[in-house]
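Worksheet: one structure, shown below.
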Amino acid sequence: IYGPTGTGKTEILKRISKIYNIPIVIEDATSLSETGYIGRNITDMLEDLYHASDNNIKLAQKGILVIDEFDKLAEKKEDGKSHVSREGVQRSLLKLLDGSLFYFNNIKFDTSELTIIGLGAFTGITNDNNYKNITPQDFINYGIMKELIARFSKTIPMNHLSKDSIIKIIKESNFSPINTYRELFKILNIKYDFDDSFIEYIAEIAVLQNNGARSIKTIFDNCISSALFKIFAGEYSSIKLIAPEENGNAYILKK
């Protein structure tokens, strides 16, 4: 699964794991090294998945193993030399993707039913920001081994989130700051309101920053941080969030 940061690659997989009640382990590719070198290897990831399933080997073998920052394993031709954390790790993943037996702590782990997913932004792989047109050859040119990319049964692009998509996330997601602050102000007995212009304002900034949904909370917090000091000081009992005028506040406070 490849595409820009903040498009929901990791979050989608976490939700799938929760919906189907199967264990998931998300491993950072940059922590991996070829067997025999200092660093984590394939069996370390499988052992983590085994523990994530409460030591239920049958459940673990049907779990989800996510290798995040997969693009960091790319072997760049211009580097002029191989790296333990790149080409060697790519080669070690071949057996994993083939569906093989691995052993650790007297436990036999069969990866033939394991869902294995590589996640990466693959920055620079496309010139037009359209990830839908990426081909296997593009991954090979980027530095992923032909044998490795061929072992993935699907490649799924994730393009930049549109303004409308970000607005939908702000309005509907359980993790939206709009909802988390509603709960906070409810506890504080503060009247809380907002209008659509504020949500559009947040979405416009998120699009400009090009960090997708990941930036929503930071933008939101920056907009109302100064108001929170006054509210926590007990100076006001009501807040309404609005799209600010130039150099103005993104809120209206009332006592």
Side-chain angles (χ1 to χ4, degrees), residues 1-26 28 64 66 68-69 117 119-121 123 129-132 156-255:
I1 304 178
Y2 52 97
T5 183
T7 52
K9 298 186 293 293
T10 305
E11 185 59 33
I12 287 171
L13 297 176
K14 289 179 178 178
R15 296 295 183 95
I16 291 174
S17 168
K18 187 174 182 180
I19 290 170
Y20 288 97
N21 194 28
I22 53 177
I24 184 172
V25 163
I26 301 174
D28 193 326
I64 302 174
V66 180
D68 201 4
E69 303 286 354
I117 301 172
L119 297 184
T123 304
N129 286 327
N130 185 355
Y131 285 75
K132 292 182 179 179
I156 302 171
M158 301 281 284
N159 271 333
H160 290 279
L161 294 177
S162 66
K163 177 183 173 182
D164 288 342
S165 296
I166 293 176
I167 288 174
K168 187 175 182 180
I169 291 171
I170 296 172
K171 287 184 174 181
E172 299 180 12
S173 171
N174 293 333
F175 298 100
S176 168
I178 284 287
N179 295 322
T180 55
Y181 273 101
R182 178 184 287 114
E183 293 302 314
L184 172 63
F185 290 131
K186 182 178 179 181
I187 294 171
L188 297 174
N189 199 28
I190 300 294
K191 185 178 179 182
Y192 169 63
D193 194 14
F194 59 88
D195 58 32
D196 287 340
S197 68
F198 176 78
I199 293 177
E200 289 208 14
Y201 172 73
I202 296 292
E204 287 171 359
I205 296 178
V207 169
L208 288 174
Q209 291 187 356
N210 209 22
N211 283 325
R214 184 166 292 165
S215 60
I216 292 174
K217 186 178 186 303
T218 301
I219 298 168
F220 194 104
D221 290 346
N222 289 339
C223 285
I224 70 169
S225 59
S226 58
L228 292 178
F229 285 106
K230 299 174 183 179
I231 290 173
F232 290 146
E235 299 177 17
Y236 297 91
S237 62
S238 173
I239 181 172
K240 181 176 182 179
L241 307 178
I242 60 172
E245 297 181 358
E246 187 174 358
N247 298 323
N249 292 324
Y251 55 82
I252 298 174
L253 293 172
K254 292 184 179 179
K255 294 186 177 181

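Heads up: numbering here begins at 1 and tracks the sequence. The figures that follow rest on heavy atoms only: side chains count, while hydrogens, waters and symmetry mates do not.
The minimum heavy-atom distance linking S17 with P23 is given by the pair OG-C, 4.0 Å. The heavy-atom pair separating K255 from E235 by the smallest distance is CG-O, 3.3 Å. The shortest heavy-atom contact between N179 and K171 is ND2-O, 4.4 Å. Looking at every heavy atom in both residues, G3 comes nearest to K9 through O-NZ, 3.0 Å. Taking all atoms of both residues into account, the shortest heavy-atom contact from G8 to M158 is C-CE, 4.2 Å. The shortest non-hydrogen separation linking I24 to L13 is CD1-O, 3.7 Å.
Atoms OG and OH, from S226 and Y251 in turn, are 2.5 Å apart once rounded to the nearest 0.5 Å. Atoms CG and CD1, from D68 and I1 in turn, are 10.5 Å apart once rounded to the nearest 0.5 Å. Taking CG from N159 and OH from Y2, the interatomic distance works out to 9.0 Å, rounded to the nearest 0.5 Å. The distance from atom OG of S176 to atom CD1 of I202, rounded to the nearest 0.5 Å, is 9.5 Å. I12 contributes atom CD1, which lies 9.0 Å from atom CD1 of I156 (distance to the nearest 0.5 angstrom). Annotation: the span from N210 atom CG to S215 atom OG amounts to 9.0 Å, rounded to 0.5 Å.
For the pair L161 and R214, the minimum side-chain heavy-atom distance is 4.5 Å or more. Considering only heavy atoms from C-beta on, F220 comes within 4.5 Å of I178 through its side chain. Side-chain atoms of L188 and F232, non-hydrogen and from C-beta on, do get closer than 4.5 Å to each other. The shortest distance between side-chain heavy atoms of I252 and I242 falls below 4.5 Å.
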* To do: Walk me through it: do Y181 and D221 pass the test side-chain contact (heavy atoms from CB on, under 4.5 Å)?
  => CA-CA 10 Å; Y181 273 101; D221 290 346; 2.8 Å; yes
* Decide side-chain contact (heavy atoms from CB on, under 4.5 Å) for Q209 and T218; before the verdict, give the C-alpha distance in whole Å, the side-chain angles of both, and the deciding distance to 0.1 Å. => CA-CA 11 Å; Q209 291 187 356; T218 301; over 6 Å; no
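By the 30° and 60° cut-offs, the orientation of the rings of Y192 relative to F185 is tilted. By the 30° and 60° cut-offs, the orientation of the rings of Y131 relative to H160 is perpendicular.
Of the options I117, V25, I26, a side chain to side chain contact (heavy atoms under 4.5 Å, CB included) to I64 is made by I117 and by none of the others.
Open room surrounds NZ on K191; 12 or fewer heavy atoms of other groups in view lie less than 6.0 Å from it.
Look at K168 and D164 and you find no salt bridge, because none of the NZ, NE, NH1 or NH2 atoms lies under 4.0 Å from a carboxylate O.
Judged purely by atom type and a 3.5 angstrom limit, D195 uses its side chain to pair as donor or acceptor with the backbone of S197.
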